[in-house]
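Here is the structure we will look at.
Numbers for residues simply follow the sequence, beginning at 1.
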Amino acid sequence: MKAAIYCRVSTTKETQETSLVRQEEELLSLAQAYDFEVIRSIKEKASGYDLEREGLLEILELARDRKINALLVQDETRLGRGNGKIVILHMLLKYGVQIFTISHQGQLQISEADSMVLQIVSLVEEYQRKLHNIKIQRGMKRAVEMGYRPEENLKNRGNVGGRDRKDVPIEEIVRLRNMGLTFHDIAATLRGFGYELSKATVHRRYQEYTREKDTENSL
């Protein structure tokens, strides 16, 4: 099992350097006891309330990219404190990363209170995802009902000469807007076809397009 080690102290005092070294040594021993392959060991000095930590962000990237299966820390407070700790735990667990600590001499035992909060966070996230999908389906349905035929315009949907998905399809935005769809529904519709666009982006690009057209017409 591939693992990463994360060590943290809250101040930049030189005396804390010893603590970082000790944490790493103890965690390397823990990794050896469980026969983990340590691919990254990170030490940093930062407050547990601060989420903007380079080392922490690197750990989350490793977890997201499925490069680690386990994370070793002295105790859960090394990951974070307060609400930030819950957020980090939630993300690591969502990515399938097992957390091992020195304080538990094994896998982290989450408290009953934290476990309850994590369940609530997971439930809220699940319903947010469902609502997001419903909005996309609603936007696509409205567009099609109003005569929109994406297979005639979007790449990989019948017309190989269509615009690439990574581009903002301004022609489609204008076409859907002319059909009477809101910017919210336009964004939802295009997300359904692979374009990761927000309502704000759709609105901004439409305004840019109309300004360009007004300028051309005035010349």
Side-chain angles (χ1 to χ4, degrees), residues 1-130 132 165-166 191 194 196-198 200-201:
M1 183 179 289
K2 296 185 183 297
I5 285 175
Y6 180 73
C7 312
R8 181 186 66 80
V9 291
S10 58
T11 71
T12 57
K13 293 180 180 179
E14 292 184 9
T15 53
Q16 294 285 9
E17 192 67 38
T18 303
S19 177
L20 284 174
V21 173
R22 187 184 69 252
Q23 286 182 43
E24 184 177 39
E25 289 175 348
E26 292 178 347
L27 292 170
L28 285 170
S29 296
L30 183 63
Q32 186 176 11
Y34 281 87
D35 199 26
F36 291 153
E37 177 188 353
V38 177
I39 66 167
R40 190 76 173 89
S41 181
I42 295 174
K43 300 191 291 289
E44 65 182 349
K45 301 174 183 180
S47 169
Y49 292 100
D50 184 6
L51 292 178
E52 194 173 343
R53 290 177 257 150
E54 288 299 321
L56 174 64
L57 295 176
E58 184 177 348
I59 289 294
L60 292 176
E61 287 179 359
L62 290 171
R64 180 199 62 197
D65 297 339
R66 302 296 193 270
K67 292 182 178 178
I68 58 172
N69 313 106
L71 177 64
L72 282 63
V73 293
Q74 184 181 50
D75 58 67
E76 61 190 86
T77 66
R78 298 303 91 197
L79 291 174
R81 292 185 179 276
N83 294 332
K85 181 189 74 173
I86 295 297
V87 173
I88 296 163
L89 286 174
H90 171 68
M91 293 182 70
L92 290 170
L93 294 174
K94 182 172 70 172
Y95 294 141
V97 174
Q98 298 179 39
I99 304 169
F100 289 76
T101 71
I102 293 295
S103 58
H104 290 99
Q105 280 299 303
Q107 197 161 355
L108 172 66
Q109 301 300 311
I110 299 175
S111 70
E112 186 175 345
D114 284 350
S115 179
M116 185 179 300
V117 173
L118 287 168
Q119 288 178 16
I120 293 172
V121 171
S122 296
L123 186 63
V124 169
E125 190 176 70
E126 179 184 349
Y127 274 88
Q128 285 179 328
R129 184 167 55 250
K130 287 182 178 179
H132 176 72
R165 288 171 183 268
K166 67 181 179 182
R191 281 198 298 271
E196 290 302 321
L197 303 176
S198 67
T201 299

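The side chain to side chain contact (heavy atoms under 4.5 Å, CB included) test with T101 singles out one residue from V73, L30, L79, T77, and that residue is V73. Of the candidates K85, E125, Q119, H90 forms a side-chain hydrogen bond (donor to acceptor under 3.5 Å, both in side chains) with just one, namely E125.
A donor atom on one side chain and an acceptor atom on the other are found under 3.5 Å apart for Y6 and E44.
The neighbour count for D50 CG, taken as heavy atoms of other residues, nucleotides or ligands under 6.0 Å away, is above 12. Taking a 6.0 Å sphere around NZ of K67, one finds it holds 12 or fewer heavy atoms contributed by other residues, nucleotides or ligands. Summarising the local packing, CD of E54 is surrounded by 12 or fewer heavy atoms from other residues, nucleotides or ligands at distances under 6.0 Å. Sparse packing is recorded around CE of M116, with 12 or fewer heavy atoms of other residues, nucleotides or ligands lying under 6.0 Å away.
For the atom pair CD1 (I110) and CD1 (I86), the distance works out to 8.0 Å, reported to the nearest 0.5 Å. Remark: L51 CG to L56 CG distance equals 7.0 Å, nearest 0.5 Å. Here OG of S47 is found 7.5 Å from CZ of R53. Values are rounded to the nearest 0.5 Å. Remark: L27 CG to F100 CZ distance equals 12.0 Å, nearest 0.5 Å. Expressed to the nearest 0.5 Å, how far OG of S10 lies from NZ of K45 amounts to 11.0 Å.
Residues that satisfy the salt bridge (charged side-chain N to carboxylate O under 4.0 Å, His left out) test with E37, not counting sequence neighbours, are K2. The salt bridge (charged side-chain N to carboxylate O under 4.0 Å, His left out) check on E61 picks up nothing, with sequence neighbours excluded. Take R40 and apply the side chain to side chain donor-acceptor pair (under 3.5 Å) test, not counting sequence neighbours, and it matches E58. By the side chain to side chain donor-acceptor pair (under 3.5 Å) test, S122 is found to be paired with no residue, residues two or more places apart in sequence or in another chain being considered. Listed by chain and number, the residues in a side chain to side chain donor-acceptor pair (under 3.5 Å) with K43 are E24 (sequence neighbours excluded). Looking at residues two or more places apart in sequence or on another chain, you find no side chain to side chain donor-acceptor pair (under 3.5 Å) involving N69.
Between V97 and L71, the shortest heavy-atom distance links the atoms CG1-N, 3.7 Å.
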- Item | Steps toward side-chain contact (heavy atoms from CB on, under 4.5 Å) verdict (I42, I5) | CA-CA 6 Å; I42 295 174; I5 285 175; over 6 Å; no
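With E26 contributing its side chain and I102 its backbone, the two residues share no donor-acceptor pair below 3.5 Å. The backbone N or O of Y49 sits nowhere less than 3.5 Å from a side-chain atom of R81 that would complete a donor-acceptor pair.
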